[in-house]
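The structure appears below as structure tokens.
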Amino acid sequence: MNVLGPSLAPYIRSSRTLKKYVTPVAHWYADLMGYRKMGLKYDDLQVEENPQVQRALGRLSPRETYERSYRFKIASNCDLHHKPLPKEQWSKPEDDKRYLQSHILNVIKEEEERFTWDTMTVQRK
Amino acid sequence: MLARRASTFARSFATVIDNAGVKVAAIDNGQPTTAVTFLVKAGSRYEPKPGVAHTLKNFAFKSTAKRSALGTVRESELYGGVLSASLSREYLALTSEFLRGDESFFVDLMSSFLTSSKFQRHEFQEYVLPVVEAESTAASQNPATHALELAHSLAFRSGLGSSLFASPHSHVSLDDVKEFAARAFSKGNIAVLGTGIDSAALTQLVEKALAGASVGNVAVESKPSTYFGGETRLESHGGPETVFIGFGAAGPADPALAILSAHLSPQPSVKWSQGLSPISAAIPQGTSVQPVLISYSDATLFGLLVQGSSPEGVKEAAKVATNALKESTGLNGDALKTAVAKAKFAAASSLDGRDGILGALSTKVFANSDASIEATLASIDKIDAAAFSRSVAAITQSKPTFVAIGSVQALPFTDELGL
């Protein structure tokens with residue numbers, strides 16, 4: 001289990017029929033979750049209180065970091081008002097891309113590689 | 001037997017195989033280790049913005065499509081290899097030294113940097129920029145290095161005048177480095193040199209490894225060098241007082257300057273003796289004078305680097321050095337023969353070590369010349385007193401390049417030295 005949590009997505013994507021039927025349900029559920037009504041993206045919900053995600057956050061571009069902080073500020077303000085944003089300001093589904101996922105996966109891969117190198121046994125042929 | 005050894009050495013020295021634009025040259029003297037150098041025309045001369053070449057050099061051996069930065073280092077450690085990257089004004093050299101038999105891994109490792117380096121932003125921020133800053137700071141705090149950088153910028157202005165080190169004032173971005181790499185890493189700009197490996201074997205490996213490289217019609221362009229000259233002074237403390245008195249010329253290397261450098265060099269041939277140099281007899285205690293002769297493909301910088309603990313001592317030593325330089329136009333007879341012999345020995349003995357061999361090969365491989373060591377020695381021998389006097393007079397009549405670093409109120413000016 002890694003910091004991204006358990007996911008059936010790779011299994012569903014691998015099967016054409018499952019993908020065809022599950023994808024609309026997934027989109028409906030993402031809308032229902034309500035984070036878009038606060039102007040957030042899915043990766044803003046990622047638990048960041050662990051070393052892997054902190055390293056991944058360090059790899060975002062300065063622009064991405066700024067926009068993430070801005071979204072958090074807007075969402076905190078929303079929380080104070082106990083109201084969602086007006087409809088024009090909801091984040092659009094086409095903009096809701098996973099900007100952090102690839103960085104997290106790279107960090108996990110690098111940590112695994114380091115562990116492999118640290119613990120491998122070398123034999124002379 | 002000695003004659004045969006000399007001729008086989010000369011033949012292998014001269015081999016330059018042109019392999020679809022990539023030049024390959026190798027010498028095998030039976031050493032137990034092999035060293036392969038990828039020489040790329042990505043020196044500071046060709047950089048579009050100040051500091052880009054220095055940054056690109058520090059990106060060597062970081063993540064590529066084939067292996068990560070950690071994997072590169074760990075795997076080459078397991079093989080027992082030594083990786084290094086160095087930057088000169090004309091070339092970026094990626095070198096790896098390893099035991100015989102491991103050449104396929106190391107050639108593949110270095111070529112993957114040239115063909116598929118990832119240039120990742122986090123590696124740039126975390127690994128490359130701190131090293132660039134540290135090297136630049138160390139260079140600016142070493143008066144001799146700093147004096148030579150300033151001398152080059154006075155002497156050649158753009159091109160060869162660009163500093164080898166990034167400055168804290170010039171901001172180098174990752175996109176600048178990527179663009180420069182894309183332009184410079186094309187087949188026409190790459191040469192592969194090897195010691196301890198057979199040239200046919202190296203050619204085969206290089207062919208396979210660089211199959212994916214871009215073919216070079218986007219070669220880096222550079223204007224031909226012109227020599228200007230000038231004077232500058234820099235206030236500094238904490239290091240020896242330094243003065244650099246230099247002259248230069250555009251054009252191919254002149255063997256007479258090698259003879260001049262050998263004549264003036266205070267380095268004695270017998271340890272603990274004063275030597276025969278006119279300089280070492282007259283400079284005060286605590287000062288040192290060193291001749292500097294740097295030949296590029298189309299220009300040369302010759303000079304004397306004077307260092308000492310007190311500015312008055314350095315002033316006196318600089319006067320002695322300048323006078324010795326001016327008087328050496330009249331060098332003839334036995335003194336000239338001594339200098340010629342010293343220059344020939346320096347040229348020949350530089351080929352004893354791997355660094356010297358690679359240095360000699362790199363100057364010849366891009367110029368496509370087939371000159372062997374015999375030709376170099378013969379060209380030094382051919383200089384007689386008249387030709388020597390003409391060459392020295394010609395170069396000392398060019399505008400001097402003068403750099404003073406230290407307590408500038410007390411260090412000399414050019415007219416005080418008679419330049």
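Residue numbers start from 1 in every chain, and the chains themselves are labelled A, B, ... in the order their sequence lines are given, proteins ahead of strands. Values below: every heavy atom of this structure, side chains too, minus hydrogens, waters and symmetry copies.
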Under 4.5 Å between any side-chain heavy atoms of A/Trp117 and B/Val73, yes or no? no
Count the heavy atoms of every other residue, nucleotide or ligand shown that sit under 6.0 Å from [atom1] of [X], and state whether that count exceeds 12.
{"X": "A/Arg13", "atom1": "CZ", "result": "no"}
{"X": "B/Glu133", "atom1": "CD", "result": "no"}
{"X": "A/Phe72", "atom1": "CZ", "result": "yes"}
{"X": "B/Lys118", "atom1": "NZ", "result": "yes"}
{"X": "A/Gln123", "atom1": "CD", "result": "no"}

Side chain / backbone / both / neither for A/Asp118 at chain B, heavy atoms under 4.5 Å: both
Tell me, out of A/Lys109, A/His103, A/Glu113, who's got the most heavy-atom pairs with chain B below 4.5 Å. A/Glu113
Mind checking the OG1-CG spacing from A/Thr116 to B/Leu70? Nearest 0.5 Å is all I need. 9.5 Å
Residue B/Arg121 versus chain A: region with a heavy atom under 4.5 Å: side chain
Which atoms of B/Glu126 approach chain A - backbone, side chain, both or neither, heavy atom under 4.5 Å: neither
Those residues of residues 28-52 of chain A, ordered by number, that approach chain B below 4.5 Å (heavy atom to heavy atom): none
Walk me through it: do A/Arg114 and B/Arg74 pass the test side chain to side chain contact (heavy atoms under 4.5 Å, CB included)? CA-CA 9 Å; A/Arg114 184 174 283 270; B/Arg74 294 291 179 103; 3.8 Å; yes
With chain A, which of B/Gln125, B/Glu75, B/Gln120 has the greatest number of heavy-atom pairs at distances under 4.5 Å? B/Glu75
